[in-house]
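The structure appears below as structure tokens.
Just so you know, these numbers come straight off a predicted model, no measurement behind them.
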Amino acid sequence: MEATDYCFSFFRRPIQNTEPLRAIGIVDVYRYVVGHYARPQAEALRSMASPADAKRYKAAHFDYCTFSGLFRKRNEKELIMHSGLMCLDFDHVEDMEMVKQQLLNHEYFDTELLFTSPSGNGLKWVIPVDLKGWEHSRFFKAVANCVRATGLPMVDMSGSDVARACFLPYDPQAYINPKYNEYVEENIFRPRLGECPF
């Protein structure tokens, strides 16, 4: 795919809001994550001692996207099209830098985006996929098994839901594939709903 071809839905908080605001792409998410949009929320979340309080706070205070698809509403049955992306979520990562390098150097999958989760102790890894007619859920499980077999931590299997929400955090050290550099630098990639290439 060309760098501008990935298209998926962006939603404003809270998580109960299932109506997308607009369609976005990889560069939009990168700009959001490295910017200061979610910095206050991320700092507040990471200071919480209670997991239950943190879970409620995250659901109420973080914008999110559905990396795997463009939706009319955030529901599997309301999928307009699959984006060609999957987001793999690694929770409670002990050695963040080591796992980041393993992901970036993975022999089977390229990295489109890699950033720290809102909690600060996990990673979100966005990779391109070619479903070749497979259902998203089946393909996701195959990818997760492959990743696990290459010595990486367990993947959160909730990503097998094509409509799975990914909360967008603050991570000034987020990684974006170098193929997007010209779009990041020139500030020209801002797709709006209806402007995605189909």
Side-chain angles (χ1 to χ4, degrees), residues 1-3 5-8 24-34 38 42-43 45-46 48-49 51-52 54-55 58-59 62 64-69 76 82-181 184:
M1 276 194 170
E2 293 295 323
D5 281 354
Y6 298 118
C7 210
F8 44 91
I24 60 172
I26 292 287
V27 175
D28 294 298
V29 173
Y30 176 75
R31 288 202 191 106
Y32 185 103
V33 169
V34 300
E43 290 174 350
L45 179 70
R46 293 169 190 178
M48 293 181 178
K55 185 176 181 180
K58 185 167 61 173
F62 284 82
Y64 69 94
C65 69
T66 48
F67 276 113
S68 288
E76 181 181 1
H82 197 281
S83 66
L85 297 169
M86 282 186 177
C87 180
L88 280 72
D89 198 351
F90 300 89
D91 297 323
H92 311 297
V93 176
E94 292 182 10
D95 190 335
M96 297 278 278
E97 288 308 312
M98 183 185 77
V99 175
K100 279 183 184 179
Q101 288 309 310
Q102 286 178 298
L103 295 173
L104 291 174
N105 297 320
H106 202 280
E107 63 177 309
Y108 299 125
F109 302 107
D110 294 327
T111 302
E112 297 295 311
L113 273 176
L114 178 62
F115 55 92
T116 303
S117 63
S119 65
N121 63 4
L123 291 168
K124 309 278 188 182
W125 187 37
V126 183
I127 61 172
V129 293
D130 182 355
L131 297 182
K132 299 185 187 299
W134 283 43
E135 290 180 1
H136 173 93
S137 59
R138 287 185 64 207
F139 200 93
F140 184 93
K141 289 168 187 172
V143 169
N145 288 336
C146 176
V147 167
R148 182 63 174 162
T150 56
L152 284 155
M154 286 287 290
V155 174
D156 181 344
M157 296 308 293
S158 61
S160 63
D161 176 4
V162 70
R164 175 70 174 172
C166 177
F167 293 111
L168 299 177
Y170 170 64
D171 179 7
Q173 304 303 316
Y175 170 90
I176 188 170
N177 191 302
K179 71 183 179 183
Y180 296 104
N181 285 350
V184 171

- Task: Please answer whether the main-chain N or O of Gly25 pairs with a side-chain N or O of Asp28 as donor and acceptor at a distance below 3.5 Å.
- Result: yes
- Task: Take Leu45 and Phe62, measure what side-chain contact (heavy atoms from CB on, under 4.5 Å) needs, and give me the verdict at the end.
- Result: CA-CA 10 Å; Leu45 179 70; Phe62 284 82; 4.0 Å; yes
- Item | Ala165 to Tyr64 - nearest heavy-atom pair and separation | CB-CD1, 3.3 Å
May I have the list of side-chain donor-acceptor pairs in residues 126-137 shorter than 3.5 Å, sequence neighbours left out?
residue, atom, partner, partner atom, Å
Asp130, OD1, Lys132, N, 3.2
Asp130, OD2, Lys132, NZ, 3.2
His136, ND1, His82, NE2, 2.9
His136, NE2, Gly159, O, 3.0

- Note on the structure: Lys55 meets the side-chain contact (heavy atoms from CB on, under 4.5 Å) criterion, sequence neighbours left out, with none
- Are Phe167 and Lys124 close enough that some pair of their side-chain heavy atoms sits under 4.5 Å apart? no
- Ser83 side-chain N/O to Phe67 backbone N/O, donor-acceptor pair under 3.5 Å: yes
- Smallest separation among heavy atoms of Met48 and Ala54, with atom names: SD-CA, 3.7 Å
Please set out all donor-acceptor pairs under 3.5 angstrom arising from side-chain atoms of residues 107-120, sequence neighbours excluded.
residue, atom, partner, partner atom, Å
Thr111, OG1, Trp125, NE1, 2.8
Glu112, OE1, Lys179, NZ, 3.4
Glu112, OE1, Tyr180, OH, 2.3
Glu112, OE2, Lys179, NZ, 3.1
Thr116, OG1, Asp171, OD2, 3.2
Ser117, OG, Ser119, OG, 3.0
Ser117, OG, Gly122, N, 3.1
Ser117, OG, Gly122, O, 3.4
Ser119, OG, Asn121, N, 3.3
Ser119, OG, Asn121, OD1, 2.5

- Taking all atoms of both residues into account, what is the closest heavy-atom pair of Ala38 and Tyr32, and its distance? CB-CE2, 4.2 Å
- Can you find a pair of side-chain heavy atoms, one from Phe90 and one from Val155, that are under 4.5 Å apart? yes
- Please round to the nearest 0.5 Å and tell me the distance separating atom CG of Leu123 and atom CG of Leu152. 10.0 Å
- Yes or no on side-chain contact (heavy atoms from CB on, under 4.5 Å) for Asp156 and Arg164, after CA distance, side-chain angles and deciding distance? CA-CA 11 Å; Asp156 181 344; Arg164 175 70 174 172; 4.2 Å; yes
- Which heavy-atom pair separates Thr66 from Ala163 by the least distance, and what is that distance? CG2-O, 3.7 Å
- By salt bridge (charged side-chain N to carboxylate O under 4.0 Å, His left out), which residues pair with Lys58, not counting sequence neighbours? none
- Is the count of non-hydrogen atoms from other residues, nucleotides or ligands lying under 6.0 Å from Arg46 atom CZ greater than 12? yes
- Message: Nearest 0.5 angstrom please: Asn181 CG to Ile176 CD1, how far?
- Response: 7.5 Å
Check residues 95-104 and write down every donor-acceptor pair under 3.5 Å in which the side-chain atom is one partner and the other belongs to a residue at least two apart or another chain.
residue, atom, partner, partner atom, Å
Asp95, OD1, Met98, N, 3.1

- Sub-3.5 Å donor-acceptor pair from the side chain of Ser68 to the main-chain atoms of Leu85, do we have one? yes
- Query: Does Ala52 have any side-chain contact (heavy atoms from CB on, under 4.5 Å) partners at least two apart in sequence or in another chain, and if so, which?
  - Reply: Ser50, Arg56
